[in-house]
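Beneath this line is the structure, given in structure tokens, with notes to follow.
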Amino acid sequence: MRELIYTAIFIFLILVLLILLFLMFRPHDASNTPDTKTTFSSSADADSVGYQPGVYTASLILNNHYADIEVTLNTDQIDSIRLVNLGDSVTTAFPLVEPSLDELSEQICQKQSLDGITCSRENKYTSELLFQAIKNSLAKAQR
């Protein structure tokens, strides 16, 4: 009798395991997945606010290390956005910083605005941190 109870419990556990494995590894429908992009926006953009030409920086603190976001402005456009003073240890500890900044920089320079900037969900928080630093450096350049 004892062997029958152990066998029943063992079969029950195997069934539960199979159901869990099926639920974990089944293919997901693309229509049920959430949006894979996050959109940032700003209350002011380059069209409504004038900027003074120059190079403006804002500091980032990443794991007790400082890095600077450098925004270069021309008389009528945002020329470039780049990271300066970024050490190798920070690059190793935060591998998404540079690709995230490249993605944001490309969109901002193309749109010449902070509105409607998107990033993927994988680097949402890194992009949000960089976006705030870019926004802070542009705030220094407002007329």
Side-chain angles (χ1 to χ4, degrees), residues 4-143:
L4 288 174
I5 294 174
Y6 288 146
T7 304
I9 291 172
F10 182 69
I11 291 173
F12 174 75
L13 290 175
I14 288 176
L15 287 174
V16 169
L17 179 66
L18 289 174
I19 291 171
L20 287 175
L21 286 174
F22 174 74
L23 291 175
M24 287 175 50
F25 296 112
R26 68 182 171 154
H28 295 286
D29 186 17
S31 63
N32 290 340
T33 58
D35 188 18
T36 58
K37 295 280 186 181
T38 301
T39 303
F40 300 115
S41 64
S42 175
S43 59
D45 61 75
D47 295 333
S48 63
V49 176
Y51 294 116
Q52 293 179 355
V55 178
Y56 299 91
T57 60
S59 294
L60 286 174
I61 300 174
L62 299 169
N63 201 18
N64 295 328
H65 296 284
Y66 287 92
D68 293 322
I69 297 285
E70 183 180 272
V71 179
T72 305
L73 300 172
N74 201 342
T75 55
D76 58 347
Q77 67 182 4
I78 301 170
D79 284 337
S80 67
I81 302 169
R82 65 186 188 111
L83 269 170
V84 292
N85 301 330
L86 185 67
D88 290 336
S89 61
V90 177
T91 305
T92 304
F94 300 98
L96 293 177
V97 170
E98 288 180 336
S100 299
L101 184 69
D102 291 341
E103 182 182 353
L104 290 175
S105 174
E106 182 180 327
Q107 291 180 52
I108 292 171
C109 289
Q110 180 183 9
K111 293 181 180 183
Q112 293 297 310
S113 172
L114 295 180
D115 289 328
I117 303 300
T118 60
C119 71
S120 62
R121 285 204 187 261
E122 290 85 28
N123 54 3
K124 173 184 175 183
Y125 298 109
T126 304
S127 294
E128 187 174 340
L129 178 72
L130 293 170
F131 183 80
Q132 287 300 322
I134 293 168
K135 191 174 173 181
N136 291 342
S137 63
L138 287 174
K140 293 177 185 178
Q142 288 182 358
R143 291 183 184 168

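One is the number of the first residue; the rest follow in order along the sequence. The figures that follow rest on heavy atoms only: side chains count, while hydrogens, waters and symmetry mates do not.
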side-chain contact (heavy atoms from CB on, under 4.5 Å) partner of V71, the single match among V55, I78, I108: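 Among V55, I78, I108, the one meeting side-chain contact (heavy atoms from CB on, under 4.5 Å) with V71 is I78.
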Which residue, I117, L129, L101, forms the side-chain contact (heavy atoms from CB on, under 4.5 Å) with I134? L101
Under the side-chain contact (heavy atoms from CB on, under 4.5 Å) test, residues paired with [X] that sit two or more places apart:
| X | value |
| --- | --- |
| L18 | I14 |
| D79 | T72, N74, Q77 |
| L4 | none |
| I9 | I5, L13 |

Could you state the interatomic distance from [atom1] ([X]) to [atom2] ([Y]), rounded to the nearest 0.5 Å?
| X | Y | atom1 | atom2 | result |
| --- | --- | --- | --- | --- |
| F131 | I69 | CZ | CD1 | 12.0 Å |
| L96 | Y125 | CG | OH | 13.5 Å |
| E70 | S80 | CD | OG | 6.5 Å |
| T126 | L130 | OG1 | CG | 7.0 Å |
| K111 | E106 | NZ | CD | 11.0 Å |

Of all pairs that satisfy side chain to side chain donor-acceptor pair (under 3.5 Å), the ones with a partner from residues 53-68, not counting sequence neighbours: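 Counting only pairs at least two positions apart or across chains, the side chain to side chain donor-acceptor pair (under 3.5 Å) contacts touching residues 53-68 are S59-D68, D68-N85.
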Residues 88-105 vs side chain to side chain donor-acceptor pair (under 3.5 Å), sequence neighbours excluded, gives S100-N123
Taking all non-hydrogen atoms of both residues, which atom of L73 and which atom of Y51 are closest, and how far apart? CD1-CB, 3.7 Å
Which heavy-atom pair separates L104 from T118 by the least distance, and what is that distance?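 The answer is CD2-O, 4.5 Å.
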According to salt bridge (charged side-chain N to carboxylate O under 4.0 Å, His left out), does anything in residues 53-67 pair up with another residue at least two apart or in another chain? List the pairs. none
Can you list the residues that meet the side-chain hydrogen bond (donor to acceptor under 3.5 Å, both in side chains) rule with Q132, with sequence neighbours excluded?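 None.
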